[in-house]
Amino acid sequence: MSMEKRIIARAFMDMAEGLETGSFGKKPRIALTGMGGEHGEQNAMEAALMAAERGVDVYYIGTLTSEGVTTVKAAGEEEGHKKMEEMVEKGEVDGAVTMHFPFPIGVSTVGRVITPAKGRQMFIATTTGASGTDRVEGMIKNAICGIIAARACGVKAPTVGILNVDGARQAETALRQLQKGGYDFRFAESARSDGGAVMRGNDALQGVPDVMVMDSLTGNVMMKMLSSYTTGGSYEALGYGYGPGIGPGYGKLILIISRASGAPVVAKAIEYAAELVRGRVFDIAKEEFAKAEKAGLSGILSARKSAARPMEEEAVAAPPAEPVTAGIPGIEVMDLEDAVQVLWKAGIYAESGMGCTGPLVMMSEANYERAMELLRQAGYVG
């Protein structure tokens, strides 16, 4: 294709993008650091060219040059990372994609995958960083971060599911309190027959929720598995990478990829960044955190910390044993024995157990209602 034809083709692409976004001639400007990956610098340049062809103004930071992207020369990984930060700080680019970044506590990244069972898009909240110093607090905030990322990418009313990991039930209880306080979002319903907002492995593979909530360490593993399950793990071939850092008051658009990310994932990460720019991600973040705070977020987190007080040191003797045919789920595994002690102290015989859906405190059918009330008052169930 001649240079003249390329110019004309690019002009028509710009017009089409303008009609779609209402922003004529203003492509999102996204920087990409190209050095440090396991697949070489050419892998990163290939991704930059893919994204450029899809309507992103890509600034490639590295040693390679190519028609279609703007190269910012850097001799090594450290220099490239420094230039990326300077460009973001000065507003020379709208955002950046890189392999590592020191996010402050309170900020974590929302990954984005295509799930294998049904080819659905799913946001993983979160994959790196830490939304809070406490696991459950972090998961509660991760749900809000996931909603923000999904909304900025055009999902108007994202559904939220919580992966069945430690802290899931406590996070669910807190999020339902937020709902009651007026924070408007919808829980997803597990595809398993017993339903519920706590998601199983089947739900992750099918992409049942729009936003899947978990702690960052679990999210990191999920991202690696869902992006490279077809390649044996050494080359991430699917999805959009580990995503943008999101947190209250945070305003730098930095998206994370892995050193193992292949060109298709890196290109999608650049496109993800461009979508977030067009979708006004930080305006949405400001709105969502304000809504959550108005619904009582700080109070819920404070009450949860207060409820996590240690049990009395003196152990309570077990009441006379009786058949335990009823069970109360939704209690964290680390809290099981303390919950049993609460019931023993009230004269109710109880045992801890593990069902197919997670930890249980078991008691007789006759004591079920009273036990539920006692555990609710003690803060072990919602």
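For the single chain, residues carry numbers from 1 onward in sequence order.
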Counting C-beta onward and ignoring hydrogens, is there a side-chain heavy-atom pair between [X] and [Y] closer than 4.5 Å?
{"X": "V381", "Y": "T173", "result": "no"}
{"X": "L255", "Y": "L253", "result": "yes"}
{"X": "M50", "Y": "K268", "result": "no"}
{"X": "V107", "Y": "F101", "result": "no"}
{"X": "M45", "Y": "Q42", "result": "yes"}
{"X": "Y59", "Y": "L32", "result": "no"}
{"X": "I328", "Y": "M363", "result": "yes"}
{"X": "N367", "Y": "E322", "result": "yes"}

Please name the pair of heavy atoms, one in [X] and one in [Y], separated by the smallest distance, quoted to 0.1 Å.
{"X": "G279", "Y": "I284", "answer": "O-CD1, 3.2 Å"}
{"X": "V72", "Y": "K83", "answer": "CG1-CD, 4.0 Å"}
{"X": "C145", "Y": "F289", "answer": "SG-CZ, 4.1 Å"}
{"X": "S131", "Y": "S108", "answer": "OG-OG, 2.6 Å"}
{"X": "V56", "Y": "A274", "answer": "CG2-CB, 3.8 Å"}
{"X": "A52", "Y": "V58", "answer": "N-CG2, 3.9 Å"}

side-chain contact (heavy atoms from CB on, under 4.5 Å), that's the test. Do Y229 and L238 meet it? Break it down for me. CA-CA 9 Å; Y229 66 91; L238 301 168; 3.7 Å; yes

Indicate, with yes or no, if [Y] and [X] share a hydrophobic cluster defined by side-chain heavy-atom contacts under 4.5 Å among Ile, Leu, Val, Met, Phe, Trp and Tyr.
{"X": "I256", "Y": "V265", "result": "no"}
{"X": "V113", "Y": "Y235", "result": "no"}
{"X": "I348", "Y": "V324", "result": "yes"}
{"X": "M35", "Y": "V88", "result": "no"}
{"X": "Y368", "Y": "V342", "result": "yes"}

Going by atom types only, do [X] and [Y] share a side-chain donor-acceptor pair under 3.5 Å?
{"X": "Y380", "Y": "Q170", "result": "no"}
{"X": "Q121", "Y": "R112", "result": "yes"}
{"X": "Q341", "Y": "E337", "result": "no"}
{"X": "T128", "Y": "S216", "result": "no"}
{"X": "T71", "Y": "T65", "result": "no"}
{"X": "T63", "Y": "E41", "result": "yes"}
{"X": "E236", "Y": "Y242", "result": "yes"}
{"X": "E293", "Y": "S298", "result": "yes"}

Please check: side-chain N/O of [X] versus main-chain N/O of [Y], any donor-acceptor pairing under 3.5 Å?
{"X": "E189", "Y": "A197", "value": "no"}
{"X": "E79", "Y": "A75", "value": "yes"}
{"X": "W344", "Y": "A350", "value": "yes"}
{"X": "D134", "Y": "E137", "value": "yes"}
{"X": "R54", "Y": "A267", "value": "no"}
{"X": "H39", "Y": "A260", "value": "yes"}
{"X": "D203", "Y": "V208", "value": "no"}
{"X": "N43", "Y": "A263", "value": "yes"}
{"X": "S261", "Y": "I257", "value": "no"}
{"X": "R186", "Y": "A157", "value": "yes"}

Take T115 and L205, measure what side-chain contact (heavy atoms from CB on, under 4.5 Å) needs, and give me the verdict at the end. CA-CA 5 Å; T115 57; L205 293 172; 5.9 Å; no

Please report the C-alpha distance between E78 and K82 in whole Å, then the side-chain angles of each, then the deciding distance to 0.1 Å, and finally whether the salt bridge (charged side-chain N to carboxylate O under 4.0 Å, His left out) criterion is met. CA-CA 6 Å; E78 186 176 343; K82 184 177 179 181; over 6 Å; no

Would you mind checking if E288 and R151 are paired as a salt bridge, meaning a charged N to carboxylate O distance below 4.0 Å? yes

One thing to verify: whether R200 and D194 come together as a salt bridge, which I'm taking to mean a side-chain N less than 4.0 angstrom from a carboxylate O. yes

Step by step, would you call V165 with D215 a side-chain contact (heavy atoms from CB on, under 4.5 Å)? CA-CA 8 Å; V165 296; D215 62 283; 4.0 Å; yes

Test M214 against N142 for side-chain contact (heavy atoms from CB on, under 4.5 Å), laying out the working first. CA-CA 7 Å; M214 62 200 76; N142 288 351; over 6 Å; no

Quick one: [atom1] on [X] to [atom2] on [Y], what's the gap to the nearest 0.5 Å?
{"X": "L178", "Y": "I140", "atom1": "CG", "atom2": "CD1", "answer": "7.5 Å"}
{"X": "F187", "Y": "T159", "atom1": "CZ", "atom2": "OG1", "answer": "11.0 Å"}
{"X": "L375", "Y": "E373", "atom1": "CG", "atom2": "CD", "answer": "9.5 Å"}
{"X": "Y60", "Y": "I270", "atom1": "OH", "atom2": "CD1", "answer": "10.0 Å"}
{"X": "I147", "Y": "I246", "atom1": "CD1", "atom2": "CD1", "answer": "11.0 Å"}
{"X": "Q177", "Y": "E172", "atom1": "CD", "atom2": "CD", "answer": "11.0 Å"}

Is it the case that more than 12 heavy atoms not belonging to [X] sit under 6.0 Å from its [atom1] atom?
{"X": "K286", "atom1": "NZ", "result": "no"}
{"X": "E86", "atom1": "CD", "result": "yes"}
{"X": "K294", "atom1": "NZ", "result": "no"}

So D57 and K26, salt bridge (charged side-chain N to carboxylate O under 4.0 Å, His left out) or not? Walk me through it. CA-CA 9 Å; D57 191 0; K26 294 181 180 179; over 6 Å; no

Aromatic plane relationship, F103 with Y250 - under 30° parallel, 30 to 60° tilted, over 60° perpendicular: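 If you compare the ring of Y250 with that of F103, the planes turn out perpendicular.
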
Evaluate the salt bridge (charged side-chain N to carboxylate O under 4.0 Å, His left out) criterion for residues E38 and R259: first the C-alpha distance (whole Å), next the side-chain angles of each, then the deciding distance (0.1 Å), finally the verdict. CA-CA 5 Å; E38 295 174 2; R259 294 185 185 277; over 6 Å; no

Test K252 against E85 for salt bridge (charged side-chain N to carboxylate O under 4.0 Å, His left out), laying out the working first. CA-CA 9 Å; K252 295 179 184 177; E85 291 193 60; 5.3 Å; no

For V221, what are the other residues in its hydrophobic cluster, where any two members join if their side-chain heavy atoms are less than 4.5 angstrom apart? M225

